[in-house]
Amino acid sequence: MRFSQLLLPTLKEDPAEAEVVSHKLLLRAGFIRKLTAGVYSYLPLGLAVVRKVERIVREEMNRAGAQEVLLPMVQPADLWRESGRWEKYGPELLRFKDRHQRESCLGPTHEEVITDLVRMNVHSYRDLPLNLYQVQTKFRDEIRPRFGLMRGREFIMKDGYSFDADEAGADATYQKMYDAYQRIFSRCGLAFRAVEADTGTIGGSFSHEFMVLAATGEDQVVICQHCDYAANMEKATAREIRSETREQPLPLNRVPTPGRKTVTEVCDFLQIPSDRLVKTMIWLADDRPVAVLVRGDHEVQPVKLQNLLGALEVTLADDDRIAELSGAPAGFLGPVELKIPLVMDTVVANMSNFVTGANQADQHLVNVNPGRDFSATHQADIRMVTEEDQCPRCGGKLALTRGIEVGHIFKLGTSYSRALNATFLDDQGQSHPFIMGCYGIGVSRTVAAAIEQNHDRDGIIFPLPIAPMQVIILNLTPKDQEISAEAERLYRELQTQGIEVLLDDRDERPGSKFKDADLIGIPIRLVVGKRFKNDGLLEIRTRADGQTSEATPAAALAVIGEMIAKALTPVDDRP
RNA sequence: CGGGGCGUGGCGCAGUCUGGUAGCGCGCCUGCCUUGGGAGCAGGAGGCCGGAGGUUCGAAUCCUCUCGCCCCGACCA
């Protein structure tokens with residue numbers, strides 16, 4: 001590809017509309033342009049990166065035994081009514097009517113369509129397992145699209161669906177996909193972690209999210225620094241905290257705490273550390289009030305609470321509701337003699353002689369003990385883990401870090417196959433619903449995540465396997481015939497070797513070429529300039545580490561060939 | 001949907017408070033010059049000031065409505 005003929009409108013300045021680095025760089029590097037909110041056009045080099053990711057995804061999905069299909073983007077409402085999601089899905093589902101007034105929607109995901117396809121065409125255990133996937137544009141009418149490709153309304157996704165005859169088979173398929181995902185993201189050259197994820201209300205199943213680790217990620221994840229335990233915040237647990245010496249319960253005592261409402265204020269006033277206090281909050285689980293107890297320095301994890309209570313939604317009660325239910329203003333609540341259901345975090349259950357509110361303004365209780373002074377309706381892990389916690393598996397140190405969710409695998413079970421009556425006959429002639437799994441990869445988001453993780457002040461630093469081009473040749477002096485002839489020769493030679501190369505043959509000053517090369521992040525830069533004319537030497541520079549060396553053309557070609565071959569070999573396959 | 005902000009040549013912005021008919025930097029075109037980190041000089045093209053209505057002798061500027069975009073919250077690949 002010749003730069004002079006390429007549609008690559010690079011920008012010197014950051015566009016005003018972009019906030020996060022991947023969005024800014026995708027625009028500045030001329031990879032994407034916005035059409036309307038959350039909807040982007042991919043320009044040639046942007047598309048090239050998307051294709052690279054897709055290719056790796058396809059190779060690994062195929063290797064894992066999945067088959068590619070392409071499902072419709074426009075889907076009939078009736079199918080969605082059958083699964084119950086026409087009502088459940090909400091405004092994120094873009095609905096419309098065609099000329100015959102038939103209701104339709106743009107596919108935000110394809111469980112319904114795939115399940116329909118399979119129920120119509122697969123009837124026997126002999127045809128199982130079956131694993132189908134597609135790479136397709138999805139549309140979700142997001143409440144707030146933002147961050148460019150990170151959260152568009154229209155985005156490219158690989159979604160796969162598996163159908164198994166029994167649990168063991170479904171679990172094996174899940175494991176295959178887990179392994180395939182590991183290979184996919186490591187082949188993309190990304191630092192990532194598979195984390196255990198919450199499965200929501202479907203229950204009984206399991207799920208992993210694949211997170212590209214980046215400081216700017218939207219999701220917080222917990223990873224163990226010693227073993228491979230990793231989970232998102234909604235799911236993460238910690239090794240149980242017990243005090244080594246169990247204290248003898250002391251007499252319950254009421255103390256005045258005038259105007260001290262927050263944990264810090266009360267602790268300062270009473271001269272105690274915050275882990276000696278238990279805070280009480282009133283939550284509404286689908287409008288049913290519950291009191292929730294966690295240690296003073298801990299926070300409630302709403303999803304854990306939600307799952308414990310089997311609620312669709314949990315929210316904090318407002319001040320009026322708190323006063324009505326406890327008889328005290330917020331800041332002075334406590335479990336003792338509280339007349340609503342009580343959820344106690346496991347950590348609190350192991351504490352003794354702690355401080356709580358007294359359910360009376362300006363009063364707290366000291367030496368509160370569970371069992372003696374109150375009893376909980378539920379006792380469970382409902383808090384967020386912290387960096388002080390220990391790994392639940394190995395006791396190692398936990399770290400909180402940020403990530404971008406680029407993949408999600410999910411064991412679905414039979415929820416869709418039952419809803420849509422998708423069944424097969426086993427070897428006894430008995431009918432069963434398929435056991436399903438679904439497996440998503442945000443392809444366009446992966447591109448954004450790769451940039452979010454790999455960039456510097458000058459621009460993008462693409463991992464070679466997903467770079468739009470592998471090599472860029474800078475012809476610094478297009479008007480010089482000797483230099484140009486060599487640049488052209490190298491260009492053809494690299495292409496002959498099957499290497500993807502961009503030749504900057506523009507009549508621009510060297511500075512612009514260096515800046516653009518850095519911006520668009522092509523891994524290997526080959527410069528033909530004065531030094532070639534004087535000494536017959538080329539400059540080779542790697543974008544990632546800025547390492548520069550000089551070599552004769554023949555040596556340069558050899559070095560480049562090696563670098564590329566090495567970068568394209570998956571780590572697992574290296575000798 | 002709630003809260004905040006912004007719409008002015010392709011991009012980034014000033015001008016709006018205090019009305020007088022649009023300006024700067026970058027980019028683009030032509031020429032000269034320059035060629036190892038976004039040069040310099042000269043000339044030039046390009047703007048329904050997001051849209052509609054109103055006030056006024058006169059509106060980018062004031063008023064009303066409207067559309068779009070960005071940021072913060074609940075959602076997700």
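To find a chain, count down the sequence lines: A is the first, B the second, and so on, and within it residues start at 1.
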Select base, sugar-phosphate, or nothing to describe what [X] touches, counting heavy atoms under 4.0 Å on all strands.
{"X": "A:Asp458", "answer": "nothing"}
{"X": "A:Gly529", "answer": "base"}
{"X": "A:Val443", "answer": "nothing"}
{"X": "A:Arg525", "answer": "base"}
{"X": "A:Asp516", "answer": "base"}
{"X": "A:Gly148", "answer": "nothing"}
{"X": "A:Asp14", "answer": "sugar-phosphate"}

Assigned partner base of [N], Watson-Crick or wobble definition, under 3.5 Å:
{"N": "B:rA45", "answer": "none"}
{"N": "B:rG25", "answer": "B:rC11"}
{"N": "B:rU55", "answer": "none"}
{"N": "B:rG68", "answer": "B:rC6"}
{"N": "B:rG38", "answer": "none"}

*asked:* side chain to side chain donor-acceptor pair (under 3.5 Å) for A:Arg95 and A:Tyr89? Distances and angles first, verdict last.
replied: CA-CA 11 Å; A:Arg95 301 154 210 250; A:Tyr89 214 90; over 6 Å; no

Any chance the side chains of [X] and [Y] put a donor and an acceptor closer than 3.5 Å?
{"X": "A:Tyr42", "Y": "A:Arg51", "result": "no"}
{"X": "A:Asp179", "Y": "A:Gln175", "result": "yes"}
{"X": "A:Thr386", "Y": "A:His298", "result": "no"}

*asked:* Side chain of A:Glu13, heavy atoms from C-beta onward: which of B:rG36, B:rG25, B:rC76 has the nearest atom to it?
replied: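 Minimum distance to the A:Glu13 side chain belongs to B:rG25.
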
*Could you please name the option among B:rG38, B:rG36, B:rC76 that lies closest to any side-chain atom of A:Lys530?*
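Nearest listed nucleotide: B:rG36.
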
*Identify the residue among A:Asn131, A:Asn62, A:Leu130 that makes a side-chain contact (heavy atoms from CB on, under 4.5 Å) with A:Gln67.*
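The passing option is A:Leu130.
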
*Using centres under 5.5 Å plus planes under 30 degrees as the test, is A:Phe514 stacked with B:rG36?*
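Base of B:rG36: not stacked against A:Phe514.
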
*When the aromatic ring centroids of A:Tyr174 and A:Phe206 are compared, is their separation below 6.0 Å?*
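Under 6.0 Å, so yes.
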
*Can we call the ring centroids of A:Phe210 and A:Tyr178 under 6.0 Å apart?*
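Yes, the ring centres sit under 6.0 Å apart.
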
_Parallel, tilted or perpendicular: ring planes of A:Phe185 versus A:Tyr181, cut at 30 and 60 degrees_ =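 Taking A:Tyr181 first and then A:Phe185, their aromatic rings stand perpendicular (interplane angle over 60°).
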
*Roughly how many Å is it from NE2 in A:His110 to P in B:rA77, rounded to a whole number?*
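These atoms are roughly 14 Å apart.
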
*To the nearest Å, how far apart are A:Arg445 CZ and B:rC75 P?*
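Distance, rounded to whole Å: 14 Å.
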
Collect all protein-nucleotide pairs involving nucleotides 66-70 of chain B in which both atoms are nitrogen or oxygen and the distance is under 3.5 Å.
unit_1	atom_1	unit_2	atom_2	d
B:rC69	OP1	A:Thr36	OG1	2.7
B:rC69	OP1	A:Ala37	N	2.9
B:rC69	O3'	A:Lys34	NZ	2.8
B:rC70	O3'	A:Glu17	O	3.4

Are any protein N/O atoms closer than 3.5 Å to N/O atoms in nucleotides 31-33 of chain B? If there are, list each pair with its distance.
none

*asked:* It should be established whether A:Lys12 places a side-chain nitrogen or oxygen under 4.0 Å from OP1 or OP2 of nucleotide B:rG27.
replied: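 Checking A:Lys12 against B:rG27: at least one side-chain N or O falls below 4.0 Å of OP1 or OP2.
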
*Between A:Arg509 and B:rA39, is there a side-chain N or O to OP1/OP2 distance below 4.0 Å?*
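So the side-chain polar atoms of A:Arg509 do come within 4.0 Å of the phosphate oxygens OP1 or OP2 of B:rA39, strictly under.
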
*Distance (rounded to the nearest 0.5 Å) between A:Glu209 CD and A:Asn232 CG*: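 CG of A:Asn232 is found 4.5 Å from CD of A:Glu209.
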
*A:Asp535 CG to A:Lys533 NZ distance, which is reported to the nearest 0.5 Å*: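 Answer rounded to 0.5 Å: 12.5 Å.
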
*asked:* Can you work out whether A:Arg541 or A:Glu142 has the more 5'-proximal nearest nucleotide on RNA chain B?
replied: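 This one resolves to A:Arg541.
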
